[in-house]
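Before any comments, here is the structure.
Just so you know, these numbers come straight off a predicted model, no measurement behind them. Naming convention: chains lettered A, B, ... in sequence-line order (proteins, then strands); numbering from 1 in each chain.
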Amino acid sequence: MGLPKRKTDIKVFGVSQNTNNFVIGRRKELLEEITKSDTFLPDSIMHDDMDLGMLEFVKENFKIVSDGEELPVIPKILTIQRWSEFKNNWNFSDEDGNMKLPFIAVVRKPDVQLGTNPSIQRTIPDRRDFFYASVPTWDGNQMGADVYKIPQPVPVDIGFEVTIVCTKFRDINTFNKKVLQKFSSRQSYTKIKGHYIPIILERIENDNSVSESMDNRRFYVQNYSFTMLGFLIDEEEFEIKPAISRAILMTEVESRKLKSSNKSNLITLNSSYGDGSIIATYTATSQYKVDKTIEIVFNDVIETITGNSINQTVRLFVDTNQTSGTTQYSINEDYTNTTGYNTFSGVTINSIGKSKYSYSYEIT
Amino acid sequence: MNKIDNINYLLYMKNKLPITRISKFFSQTDMDLNIQLGEEYLHGDLGMRLVLFRVDRQKTDTDNVYGEVGKDGIKFYPPVEFYGLVKIQEPKNNSYTKGVNRYLEPGNMTISVYLKHLEEMRIDIKYGDFIGYPESEEKIRYYTVTNDGKIVSDNKHNMFGFKPYYRTIDCAPAQEFEFRGI
(Lines give C-alpha, C1' and ligand atoms only; values in the text may rest on other atoms or scores of the structure.)
Protein backbone atom coordinates (compact mmCIF):
# COMPACT_ATOMS: atom_id res chain seq x y z
CA MET A 1 0.00 0.00 0.00
CA GLY A 2 1.34 3.36 -0.92
CA LEU A 3 2.05 5.97 1.66
CA PRO A 4 -0.13 9.06 1.75
CA LYS A 5 1.01 11.60 -0.72
CA ARG A 6 3.04 14.37 0.76
CA LYS A 7 2.13 17.86 -0.06
CA THR A 8 5.12 19.77 -1.20
CA ASP A 9 5.54 23.24 -2.46
CA ILE A 10 4.00 23.48 -5.88
CA LYS A 11 5.84 25.89 -8.08
CA VAL A 12 4.12 29.13 -8.86
CA PHE A 13 4.66 30.42 -12.34
CA GLY A 14 6.55 33.67 -12.61
CA VAL A 15 8.49 33.45 -9.39
CA SER A 16 11.81 35.20 -9.63
CA GLN A 17 14.16 36.98 -7.32
CA ASN A 18 12.70 40.32 -8.27
CA THR A 19 9.15 39.31 -7.54
CA ASN A 20 7.47 40.86 -4.56
CA ASN A 21 7.44 38.31 -1.77
CA PHE A 22 4.02 39.35 -0.59
CA VAL A 23 2.54 38.68 -4.01
CA ILE A 24 4.11 35.28 -4.22
CA GLY A 25 3.03 34.48 -0.70
CA ARG A 26 -0.54 35.37 -1.50
CA ARG A 27 -0.46 33.31 -4.69
CA LYS A 28 0.81 30.33 -2.78
CA GLU A 29 -1.89 30.88 -0.22
CA LEU A 30 -4.54 30.87 -2.94
CA LEU A 31 -3.04 27.74 -4.41
CA GLU A 32 -3.08 26.11 -1.03
CA GLU A 33 -6.76 26.86 -0.68
CA ILE A 34 -7.77 25.21 -3.91
CA THR A 35 -5.71 22.12 -3.20
CA LYS A 36 -6.85 21.57 0.34
CA SER A 37 -7.37 17.90 -0.14
CA ASP A 38 -4.51 15.46 -0.29
CA THR A 39 -4.88 14.89 -3.97
CA PHE A 40 -2.93 18.01 -4.98
CA LEU A 41 -5.59 18.59 -7.60
CA PRO A 42 -8.26 21.24 -7.32
CA ASP A 43 -11.70 19.97 -6.39
CA SER A 44 -14.37 19.75 -9.01
CA ILE A 45 -16.56 22.78 -9.36
CA MET A 46 -19.90 21.92 -10.87
CA HIS A 47 -23.23 23.69 -11.20
CA ASP A 48 -24.44 22.75 -7.75
CA ASP A 49 -21.27 24.09 -6.15
CA MET A 50 -21.82 27.44 -7.79
CA ASP A 51 -25.48 27.46 -6.81
CA LEU A 52 -24.50 26.77 -3.25
CA GLY A 53 -21.88 29.50 -3.50
CA MET A 54 -24.57 31.97 -4.54
CA LEU A 55 -26.85 30.88 -1.71
CA GLU A 56 -24.06 31.35 0.80
CA PHE A 57 -23.23 34.70 -0.72
CA VAL A 58 -26.80 35.92 -0.29
CA LYS A 59 -27.09 34.56 3.23
CA GLU A 60 -23.84 36.15 4.25
CA ASN A 61 -24.07 39.53 2.57
CA PHE A 62 -27.74 40.38 2.34
CA LYS A 63 -28.79 40.00 5.94
CA ILE A 64 -31.34 42.58 6.83
CA VAL A 65 -33.40 43.04 9.92
CA SER A 66 -37.01 44.11 9.92
CA ASP A 67 -38.92 44.79 13.13
CA GLY A 68 -36.16 43.21 15.13
CA GLU A 69 -36.13 39.97 13.14
CA GLU A 70 -33.78 38.90 10.44
CA LEU A 71 -35.41 38.30 7.09
CA PRO A 72 -35.37 34.58 6.37
CA VAL A 73 -33.67 33.35 3.25
CA ILE A 74 -35.13 30.21 1.73
CA PRO A 75 -32.27 27.82 2.37
CA LYS A 76 -32.38 25.94 -0.92
CA ILE A 77 -32.56 26.59 -4.62
CA LEU A 78 -36.12 25.49 -5.25
CA THR A 79 -36.90 23.09 -8.06
CA ILE A 80 -39.98 21.48 -9.54
CA GLN A 81 -40.44 18.98 -6.73
CA ARG A 82 -43.56 20.30 -5.03
CA TRP A 83 -43.22 18.60 -1.68
CA SER A 84 -39.64 19.85 -1.49
CA GLU A 85 -40.78 23.43 -1.90
CA PHE A 86 -43.18 22.93 0.96
CA LYS A 87 -40.50 21.27 3.06
CA ASN A 88 -38.17 24.21 2.65
CA ASN A 89 -40.81 26.83 3.24
CA TRP A 90 -42.76 25.37 6.07
CA ASN A 91 -40.63 27.03 8.73
CA PHE A 92 -41.85 30.37 7.46
CA SER A 93 -45.38 29.29 6.64
CA ASP A 94 -48.63 30.32 8.21
CA GLU A 95 -51.49 27.98 9.02
CA ASP A 96 -52.74 28.11 5.44
CA GLY A 97 -49.37 26.85 4.25
CA ASN A 98 -48.42 30.19 2.72
CA MET A 99 -45.05 31.78 3.27
CA LYS A 100 -45.02 34.57 5.77
CA LEU A 101 -43.75 37.90 4.54
CA PRO A 102 -41.09 39.16 4.39
CA PHE A 103 -38.60 36.70 2.96
CA ILE A 104 -35.76 36.43 0.46
CA ALA A 105 -35.53 33.73 -2.17
CA VAL A 106 -32.79 32.77 -4.59
CA VAL A 107 -33.93 31.42 -7.92
CA ARG A 108 -31.49 29.86 -10.38
CA LYS A 109 -32.28 30.25 -14.04
CA PRO A 110 -32.17 26.74 -15.48
CA ASP A 111 -30.31 27.75 -18.64
CA VAL A 112 -26.60 28.02 -18.08
CA GLN A 113 -24.81 29.69 -20.97
CA LEU A 114 -21.24 29.41 -22.13
CA GLY A 115 -19.31 31.95 -20.13
CA THR A 116 -18.26 35.45 -20.96
CA ASN A 117 -15.55 35.73 -18.34
CA PRO A 118 -12.85 37.43 -20.43
CA SER A 119 -9.99 35.71 -18.70
CA ILE A 120 -10.93 32.24 -19.78
CA GLN A 121 -13.22 32.39 -22.78
CA ARG A 122 -12.17 31.02 -26.13
CA THR A 123 -8.49 30.83 -25.46
CA ILE A 124 -7.62 27.19 -25.95
CA PRO A 125 -9.39 25.02 -28.47
CA ASP A 126 -10.40 21.47 -27.76
CA ARG A 127 -10.15 19.88 -24.34
CA ARG A 128 -6.43 19.47 -24.24
CA ASP A 129 -4.86 18.69 -20.89
CA PHE A 130 -2.14 20.93 -19.55
CA PHE A 131 0.54 20.42 -16.96
CA TYR A 132 -0.68 21.30 -13.51
CA ALA A 133 1.75 19.74 -11.09
CA SER A 134 4.41 17.14 -10.72
CA VAL A 135 3.83 15.15 -7.60
CA PRO A 136 6.30 12.80 -5.96
CA THR A 137 5.17 9.27 -5.23
CA TRP A 138 6.52 6.59 -3.01
CA ASP A 139 5.01 3.13 -2.81
CA GLY A 140 7.32 1.81 -0.16
CA ASN A 141 9.87 0.45 -2.61
CA GLN A 142 10.08 2.80 -5.44
CA MET A 143 10.25 6.53 -5.71
CA GLY A 144 8.76 8.24 -8.69
CA ALA A 145 6.57 11.09 -9.76
CA ASP A 146 3.13 11.58 -11.24
CA VAL A 147 2.39 14.31 -13.68
CA TYR A 148 -1.03 15.89 -13.13
CA LYS A 149 -2.68 17.46 -16.10
CA ILE A 150 -5.98 19.28 -16.25
CA PRO A 151 -7.85 20.91 -19.11
CA GLN A 152 -8.84 24.52 -19.21
CA PRO A 153 -11.95 25.11 -17.10
CA VAL A 154 -15.18 25.65 -19.02
CA PRO A 155 -16.47 29.18 -18.50
CA VAL A 156 -20.17 29.46 -17.68
CA ASP A 157 -22.58 32.27 -17.01
CA ILE A 158 -25.20 31.38 -14.47
CA GLY A 159 -28.17 33.64 -13.96
CA PHE A 160 -29.72 34.12 -10.53
CA GLU A 161 -32.62 36.13 -9.34
CA VAL A 162 -32.62 37.19 -5.75
CA THR A 163 -36.10 38.23 -4.82
CA ILE A 164 -37.18 40.09 -1.77
CA VAL A 165 -40.87 39.86 -0.95
CA CYS A 166 -41.93 42.24 1.79
CA THR A 167 -44.56 44.67 2.84
CA LYS A 168 -42.50 47.63 3.95
CA PHE A 169 -40.76 50.24 1.90
CA ARG A 170 -38.04 50.46 4.53
CA ASP A 171 -37.18 46.80 3.98
CA ILE A 172 -36.89 47.45 0.26
CA ASN A 173 -34.56 50.37 0.97
CA THR A 174 -32.39 48.43 3.36
CA PHE A 175 -32.04 45.52 1.01
CA ASN A 176 -31.32 47.79 -1.92
CA LYS A 177 -28.64 49.61 0.06
CA LYS A 178 -26.96 46.33 0.97
CA VAL A 179 -26.90 45.15 -2.62
CA LEU A 180 -25.68 48.42 -4.09
CA GLN A 181 -22.95 48.78 -1.51
CA LYS A 182 -21.78 45.28 -2.24
CA PHE A 183 -21.81 45.84 -5.98
CA SER A 184 -20.59 49.40 -6.09
CA SER A 185 -17.54 48.12 -7.98
CA ARG A 186 -19.82 46.39 -10.45
CA GLN A 187 -18.85 42.97 -9.27
CA SER A 188 -18.45 41.08 -6.07
CA TYR A 189 -16.98 37.69 -5.34
CA THR A 190 -18.07 34.49 -3.76
CA LYS A 191 -15.59 31.91 -2.71
CA ILE A 192 -16.22 28.41 -4.00
CA LYS A 193 -13.77 25.72 -2.97
CA GLY A 194 -10.99 28.25 -2.72
CA HIS A 195 -11.75 29.99 -6.01
CA TYR A 196 -13.00 33.53 -6.11
CA ILE A 197 -15.90 33.62 -8.54
CA PRO A 198 -17.15 37.01 -9.72
CA ILE A 199 -20.82 37.96 -9.60
CA ILE A 200 -22.20 40.87 -11.57
CA LEU A 201 -25.36 42.78 -10.78
CA GLU A 202 -27.29 43.02 -14.03
CA ARG A 203 -30.49 44.86 -13.14
CA ILE A 204 -33.06 45.58 -10.49
CA GLU A 205 -36.73 45.19 -11.31
CA ASN A 206 -39.88 45.72 -9.40
CA ASP A 207 -42.95 43.58 -9.90
CA ASN A 208 -45.53 46.33 -9.93
CA SER A 209 -48.44 44.01 -10.53
CA VAL A 210 -48.67 43.10 -6.88
CA SER A 211 -47.62 46.34 -5.26
CA GLU A 212 -49.97 48.44 -7.36
CA SER A 213 -52.90 46.11 -7.15
CA MET A 214 -56.12 47.69 -5.97
CA ASP A 215 -58.12 44.56 -5.36
CA ASN A 216 -55.63 41.98 -4.13
CA ARG A 217 -53.18 41.61 -1.33
CA ARG A 218 -50.45 44.21 -1.68
CA PHE A 219 -46.80 43.61 -1.14
CA TYR A 220 -43.50 44.42 -2.78
CA VAL A 221 -41.62 41.99 -4.96
CA GLN A 222 -38.25 43.20 -6.11
CA ASN A 223 -36.00 41.09 -8.30
CA TYR A 224 -32.25 41.50 -8.43
CA SER A 225 -30.74 39.77 -11.43
CA PHE A 226 -27.18 38.56 -11.05
CA THR A 227 -24.83 36.76 -13.36
CA MET A 228 -22.17 34.56 -11.92
CA LEU A 229 -19.10 34.33 -14.14
CA GLY A 230 -18.18 30.86 -13.12
CA PHE A 231 -16.35 27.96 -14.57
CA LEU A 232 -16.65 24.24 -14.50
CA ILE A 233 -13.80 22.07 -13.34
CA ASP A 234 -14.55 18.41 -13.77
CA GLU A 235 -12.24 16.00 -12.02
CA GLU A 236 -13.32 13.32 -14.48
CA GLU A 237 -11.24 15.15 -17.04
CA PHE A 238 -8.08 15.21 -14.97
CA GLU A 239 -5.22 13.12 -16.20
CA ILE A 240 -2.65 11.56 -13.94
CA LYS A 241 0.26 9.83 -15.56
CA PRO A 242 3.41 8.38 -14.08
CA ALA A 243 6.41 10.46 -15.05
CA ILE A 244 9.65 8.74 -14.07
CA SER A 245 10.38 5.95 -11.70
CA ARG A 246 13.65 5.55 -9.96
CA ALA A 247 14.47 1.93 -9.21
CA ILE A 248 17.33 0.74 -7.05
CA LEU A 249 19.17 -1.86 -9.11
CA MET A 250 21.97 -3.80 -7.48
CA THR A 251 24.61 -5.42 -9.72
CA GLU A 252 27.41 -7.62 -8.46
CA VAL A 253 30.59 -7.13 -10.40
CA GLU A 254 33.56 -9.50 -10.51
CA SER A 255 36.73 -7.47 -10.68
CA ARG A 256 39.02 -10.29 -11.87
CA LYS A 257 40.68 -9.63 -15.17
CA LEU A 258 40.87 -12.20 -17.87
CA LYS A 259 44.40 -12.76 -19.01
CA SER A 260 45.18 -12.83 -22.63
CA SER A 261 48.23 -13.75 -24.60
CA ASN A 262 47.50 -10.74 -26.69
CA LYS A 263 47.18 -7.25 -25.31
CA SER A 264 44.65 -6.05 -27.77
CA ASN A 265 42.54 -9.12 -28.04
CA LEU A 266 41.68 -11.96 -25.93
CA ILE A 267 41.49 -14.20 -28.90
CA THR A 268 43.44 -14.16 -32.09
CA LEU A 269 42.10 -15.85 -35.13
CA ASN A 270 44.30 -17.08 -37.87
CA SER A 271 42.25 -18.52 -40.60
CA SER A 272 43.40 -20.47 -43.56
CA TYR A 273 41.19 -21.31 -46.41
CA GLY A 274 40.86 -24.09 -48.82
CA ASP A 275 41.36 -23.72 -52.53
CA GLY A 276 38.93 -20.87 -52.88
CA SER A 277 36.21 -22.91 -54.41
CA ILE A 278 32.72 -22.93 -53.07
CA ILE A 279 33.02 -26.35 -51.70
CA ALA A 280 35.80 -26.24 -49.25
CA THR A 281 36.94 -26.79 -45.79
CA TYR A 282 38.04 -23.82 -43.82
CA THR A 283 40.30 -23.86 -40.87
CA ALA A 284 40.91 -21.28 -38.23
CA THR A 285 43.42 -21.38 -35.46
CA SER A 286 42.89 -19.41 -32.34
CA GLN A 287 45.20 -18.50 -29.56
CA TYR A 288 43.95 -17.76 -26.17
CA LYS A 289 44.99 -17.88 -22.61
CA VAL A 290 42.44 -17.51 -19.88
CA ASP A 291 42.51 -18.22 -16.21
CA LYS A 292 39.06 -19.64 -16.13
CA THR A 293 36.92 -21.78 -18.35
CA ILE A 294 35.13 -19.61 -20.88
CA GLU A 295 32.73 -20.12 -23.68
CA ILE A 296 33.27 -18.27 -26.93
CA VAL A 297 30.35 -17.77 -29.21
CA PHE A 298 31.03 -17.02 -32.86
CA ASN A 299 28.36 -15.84 -35.19
CA ASP A 300 29.29 -16.19 -38.80
CA VAL A 301 27.36 -14.94 -41.75
CA ILE A 302 28.51 -15.86 -45.20
CA GLU A 303 26.87 -14.05 -48.04
CA THR A 304 27.10 -15.95 -51.29
CA ILE A 305 27.26 -14.42 -54.71
CA THR A 306 23.83 -15.81 -55.44
CA GLY A 307 22.39 -13.65 -52.71
CA ASN A 308 21.92 -16.42 -50.24
CA SER A 309 23.43 -16.25 -46.84
CA ILE A 310 24.66 -18.89 -44.51
CA ASN A 311 24.39 -18.31 -40.79
CA GLN A 312 26.36 -20.29 -38.35
CA THR A 313 26.89 -20.11 -34.66
CA VAL A 314 29.78 -21.89 -33.17
CA ARG A 315 30.23 -22.26 -29.47
CA LEU A 316 33.74 -22.96 -28.31
CA PHE A 317 34.61 -23.95 -24.79
CA VAL A 318 38.08 -23.08 -23.68
CA ASP A 319 39.58 -24.56 -20.56
CA THR A 320 41.89 -22.75 -18.20
CA ASN A 321 45.06 -24.37 -19.38
CA GLN A 322 44.20 -24.44 -23.05
CA THR A 323 46.10 -21.91 -25.11
CA SER A 324 45.12 -22.64 -28.68
CA GLY A 325 42.77 -24.63 -30.75
CA THR A 326 41.86 -25.34 -34.30
CA THR A 327 38.38 -25.25 -35.62
CA GLN A 328 37.12 -26.36 -38.92
CA TYR A 329 33.98 -26.21 -40.97
CA SER A 330 32.99 -26.96 -44.49
CA ILE A 331 30.64 -25.63 -47.05
CA ASN A 332 29.16 -28.28 -49.15
CA GLU A 333 27.45 -28.20 -52.48
CA ASP A 334 24.13 -27.06 -51.08
CA TYR A 335 25.72 -24.13 -49.39
CA THR A 336 24.79 -25.58 -46.08
CA ASN A 337 27.20 -25.79 -43.29
CA THR A 338 28.41 -28.74 -41.48
CA THR A 339 29.93 -28.00 -38.22
CA GLY A 340 31.67 -30.17 -35.84
CA TYR A 341 32.57 -29.85 -32.28
CA ASN A 342 35.02 -27.11 -31.57
CA THR A 343 34.73 -25.49 -34.94
CA PHE A 344 34.32 -21.92 -35.79
CA SER A 345 35.12 -19.67 -38.63
CA GLY A 346 35.58 -16.16 -39.65
CA VAL A 347 36.65 -16.00 -43.20
CA THR A 348 36.36 -14.14 -46.39
CA ILE A 349 35.56 -16.33 -49.27
CA ASN A 350 36.32 -14.45 -52.43
CA SER A 351 34.79 -16.92 -54.76
CA ILE A 352 31.32 -16.94 -53.24
CA GLY A 353 31.00 -13.68 -51.40
CA LYS A 354 31.84 -12.11 -48.13
CA SER A 355 31.89 -13.45 -44.68
CA LYS A 356 31.84 -11.51 -41.51
CA TYR A 357 31.98 -12.75 -38.03
CA SER A 358 31.59 -11.51 -34.58
CA TYR A 359 32.33 -13.15 -31.35
CA SER A 360 31.63 -12.82 -27.73
CA TYR A 361 32.54 -14.77 -24.73
CA GLU A 362 30.93 -15.76 -21.56
CA ILE A 363 32.45 -16.88 -18.35
CA THR A 364 30.97 -20.20 -17.46
CA MET B 1 -79.94 24.65 20.38
CA ASN B 2 -79.89 22.13 23.19
CA LYS B 3 -77.08 21.70 25.68
CA ILE B 4 -75.32 18.80 23.98
CA ASP B 5 -75.28 20.51 20.61
CA ASN B 6 -73.86 23.56 22.22
CA ILE B 7 -70.99 21.59 23.77
CA ASN B 8 -70.14 19.86 20.48
CA TYR B 9 -70.34 23.11 18.69
CA LEU B 10 -67.98 24.80 21.07
CA LEU B 11 -65.52 21.94 20.85
CA TYR B 12 -65.57 22.10 17.09
CA MET B 13 -64.87 25.80 17.13
CA LYS B 14 -62.17 25.44 19.76
CA ASN B 15 -64.21 27.66 22.04
CA LYS B 16 -63.23 30.83 20.27
CA LEU B 17 -66.32 32.37 18.83
CA PRO B 18 -69.68 30.71 18.45
CA ILE B 19 -71.14 30.89 14.96
CA THR B 20 -74.64 32.18 15.29
CA ARG B 21 -75.28 33.45 11.79
CA ILE B 22 -78.39 32.38 9.94
CA SER B 23 -79.43 30.74 13.19
CA LYS B 24 -83.02 31.33 12.35
CA PHE B 25 -82.76 28.89 9.45
CA PHE B 26 -79.72 26.76 10.07
CA SER B 27 -77.69 25.36 12.95
CA GLN B 28 -74.81 23.06 13.75
CA THR B 29 -77.30 20.23 14.07
CA ASP B 30 -78.58 20.89 10.56
CA MET B 31 -75.06 21.01 9.30
CA ASP B 32 -74.13 17.76 11.00
CA LEU B 33 -77.24 16.14 9.54
CA ASN B 34 -76.35 17.31 6.05
CA ILE B 35 -72.79 16.08 6.42
CA GLN B 36 -73.99 12.75 7.74
CA LEU B 37 -76.32 12.32 4.78
CA GLY B 38 -73.57 13.41 2.43
CA GLU B 39 -71.07 11.01 3.93
CA GLU B 40 -73.54 8.19 3.69
CA TYR B 41 -73.91 8.91 0.02
CA LEU B 42 -70.22 9.56 -0.63
CA HIS B 43 -68.65 6.94 1.58
CA GLY B 44 -71.42 4.39 1.45
CA ASP B 45 -73.16 4.62 -1.90
CA LEU B 46 -70.39 5.96 -4.08
CA GLY B 47 -67.52 4.52 -2.04
CA MET B 48 -64.81 6.38 -3.91
CA ARG B 49 -61.81 5.25 -1.95
CA LEU B 50 -58.39 6.82 -2.32
CA VAL B 51 -55.05 6.26 -0.67
CA LEU B 52 -53.09 9.14 0.76
CA PHE B 53 -49.30 8.95 0.90
CA ARG B 54 -48.13 11.76 3.12
CA VAL B 55 -44.54 12.85 2.69
CA ASP B 56 -42.56 12.75 5.91
CA ARG B 57 -40.72 16.00 5.45
CA GLN B 58 -38.69 15.57 8.59
CA LYS B 59 -37.25 12.20 7.78
CA THR B 60 -36.74 12.71 4.09
CA ASP B 61 -33.12 13.52 3.40
CA THR B 62 -32.63 16.01 0.66
CA ASP B 63 -29.58 17.38 -1.04
CA ASN B 64 -28.17 20.52 0.45
CA VAL B 65 -28.51 22.77 -2.57
CA TYR B 66 -31.77 21.98 -4.29
CA GLY B 67 -33.65 20.09 -1.61
CA GLU B 68 -34.27 17.28 -4.07
CA VAL B 69 -34.16 13.57 -3.52
CA GLY B 70 -33.33 10.78 -5.89
CA LYS B 71 -35.52 7.92 -6.94
CA ASP B 72 -37.38 6.32 -4.02
CA GLY B 73 -35.71 8.79 -1.68
CA ILE B 74 -38.89 10.25 -0.22
CA LYS B 75 -39.96 8.92 3.16
CA PHE B 76 -43.68 8.50 3.75
CA TYR B 77 -46.00 8.11 6.66
CA PRO B 78 -48.06 4.95 6.53
CA PRO B 79 -50.63 5.21 3.74
CA VAL B 80 -54.16 6.10 4.76
CA GLU B 81 -57.40 5.32 2.97
CA PHE B 82 -59.96 8.07 2.70
CA TYR B 83 -63.10 8.86 0.77
CA GLY B 84 -63.71 11.72 -1.57
CA LEU B 85 -65.64 12.76 -4.61
CA VAL B 86 -63.33 12.22 -7.55
CA LYS B 87 -63.37 14.04 -10.86
CA ILE B 88 -60.72 13.27 -13.43
CA GLN B 89 -60.24 15.41 -16.50
CA GLU B 90 -59.60 14.16 -20.01
CA PRO B 91 -56.14 12.88 -20.84
CA LYS B 92 -53.75 15.43 -22.29
CA ASN B 93 -52.17 14.75 -25.65
CA ASN B 94 -49.04 16.83 -25.76
CA SER B 95 -45.41 16.90 -26.84
CA TYR B 96 -42.20 17.70 -25.06
CA THR B 97 -40.55 19.57 -27.90
CA LYS B 98 -42.46 21.44 -30.54
CA GLY B 99 -44.67 18.69 -31.81
CA VAL B 100 -42.26 15.80 -31.41
CA ASN B 101 -41.64 13.48 -28.49
CA ARG B 102 -45.33 13.12 -27.89
CA TYR B 103 -46.78 12.03 -24.60
CA LEU B 104 -50.23 11.25 -23.37
CA GLU B 105 -50.89 11.70 -19.72
CA PRO B 106 -53.97 11.48 -17.57
CA GLY B 107 -55.88 14.62 -16.84
CA ASN B 108 -55.74 16.28 -13.48
CA MET B 109 -57.80 14.92 -10.65
CA THR B 110 -59.99 16.99 -8.38
CA ILE B 111 -61.08 15.54 -5.06
CA SER B 112 -63.73 16.92 -2.79
CA VAL B 113 -63.41 15.67 0.75
CA TYR B 114 -65.34 16.44 3.89
CA LEU B 115 -63.41 18.37 6.52
CA LYS B 116 -65.09 16.25 9.16
CA HIS B 117 -63.78 13.12 7.49
CA LEU B 118 -60.23 14.43 7.55
CA GLU B 119 -60.57 15.42 11.18
CA GLU B 120 -61.91 12.01 12.12
CA MET B 121 -59.05 10.33 10.27
CA ARG B 122 -56.62 12.79 11.88
CA ILE B 123 -54.95 13.48 8.58
CA ASP B 124 -54.14 16.55 6.59
CA ILE B 125 -53.49 16.66 2.88
CA LYS B 126 -50.61 18.94 2.01
CA TYR B 127 -49.13 20.40 -1.09
CA GLY B 128 -46.83 17.82 -2.63
CA ASP B 129 -48.38 14.74 -1.00
CA PHE B 130 -49.28 11.80 -3.20
CA ILE B 131 -52.67 10.23 -3.69
CA GLY B 132 -53.39 6.89 -5.27
CA TYR B 133 -56.63 6.25 -7.09
CA PRO B 134 -57.44 2.69 -8.19
CA GLU B 135 -58.39 3.08 -11.79
CA SER B 136 -59.11 -0.63 -12.19
CA GLU B 137 -58.46 -3.80 -10.22
CA GLU B 138 -54.95 -3.99 -11.62
CA LYS B 139 -54.00 -0.39 -11.95
CA ILE B 140 -53.58 2.36 -9.41
CA ARG B 141 -52.76 5.76 -10.76
CA TYR B 142 -50.86 8.18 -8.57
CA TYR B 143 -51.26 11.90 -8.36
CA THR B 144 -49.46 14.66 -6.54
CA VAL B 145 -51.28 17.45 -4.75
CA THR B 146 -50.90 20.76 -6.57
CA ASN B 147 -53.42 22.66 -4.52
CA ASP B 148 -54.31 21.38 -1.10
CA GLY B 149 -57.37 23.62 -0.90
CA LYS B 150 -56.69 24.62 2.65
CA ILE B 151 -58.46 27.89 2.30
CA VAL B 152 -62.17 27.19 2.42
CA SER B 153 -63.50 30.66 3.08
CA ASP B 154 -65.41 30.97 -0.18
CA ASN B 155 -69.13 30.48 -0.56
CA LYS B 156 -68.78 27.26 -2.48
CA HIS B 157 -67.06 25.53 0.41
CA ASN B 158 -69.45 26.91 3.00
CA MET B 159 -72.75 25.27 3.73
CA PHE B 160 -75.30 27.99 3.09
CA GLY B 161 -72.82 30.53 4.38
CA PHE B 162 -72.83 28.84 7.78
CA LYS B 163 -69.44 27.12 7.95
CA PRO B 164 -66.99 25.45 5.58
CA TYR B 165 -67.53 21.72 5.30
CA TYR B 166 -65.32 20.38 2.53
CA ARG B 167 -62.05 20.93 0.75
CA THR B 168 -61.29 20.75 -2.94
CA ILE B 169 -57.94 19.22 -3.66
CA ASP B 170 -56.34 19.54 -7.09
CA CYS B 171 -53.85 16.92 -8.17
CA ALA B 172 -51.64 16.36 -11.18
CA PRO B 173 -50.41 12.94 -12.32
CA ALA B 174 -47.28 11.94 -10.45
CA GLN B 175 -44.24 11.12 -12.47
CA GLU B 176 -42.30 7.98 -11.86
CA PHE B 177 -39.16 9.82 -10.77
CA GLU B 178 -41.01 11.32 -7.83
CA PHE B 179 -43.30 8.49 -6.83
CA ARG B 180 -43.57 4.98 -8.17
CA GLY B 181 -46.34 3.84 -5.92
CA ILE B 182 -46.51 0.51 -4.20
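When heavy atoms are compared at a cutoff of 4.5 Å, A/Leu55 approaches chain B solely by way of its side chain, counted from C-beta outward. Interface residue B/Asp63: only backbone heavy atoms are found under 4.5 Å from chain A.
A heavy-atom distance below 4.5 Å is found between the side chains of B/Tyr143 and B/Pro106.
Contact annotation for residues 174-195 of chain A against chain B (heavy-atom separation below 4.5 Å): no residues qualify.
For the atom pair B/Leu52 CG and B/Ile123 CD1, the distance stands at 5.0 Å (nearest 0.5 Å).
With a 6.0 Å radius and a threshold of 12 heavy atoms from other residues, nucleotides or ligands, A/Phe130 has its CZ atom above the threshold.
Scanning for ring-ring contact (aromatic ring centres under 6.0 Å, His included) contacts around A/Phe160 gives an empty result, with sequence neighbours left out.
Because its NZ or CZ atom is both nearer than 6.0 Å to the ring centre of B/Tyr77 and within 45° of the ring axis, B/Arg54 counts as a cation-pi partner of that residue.
For A/Phe169 and A/Tyr220, the gap between ring centers is short of 6.0 Å.
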* To do: Give the intermediate values and the outcome of ring-ring contact (aromatic ring centres under 6.0 Å, His included) for residues B/Phe26 and B/Phe160.
  => CA-CA 8 Å; B/Phe26 203 72; B/Phe160 309 120; 5.2 Å; yes
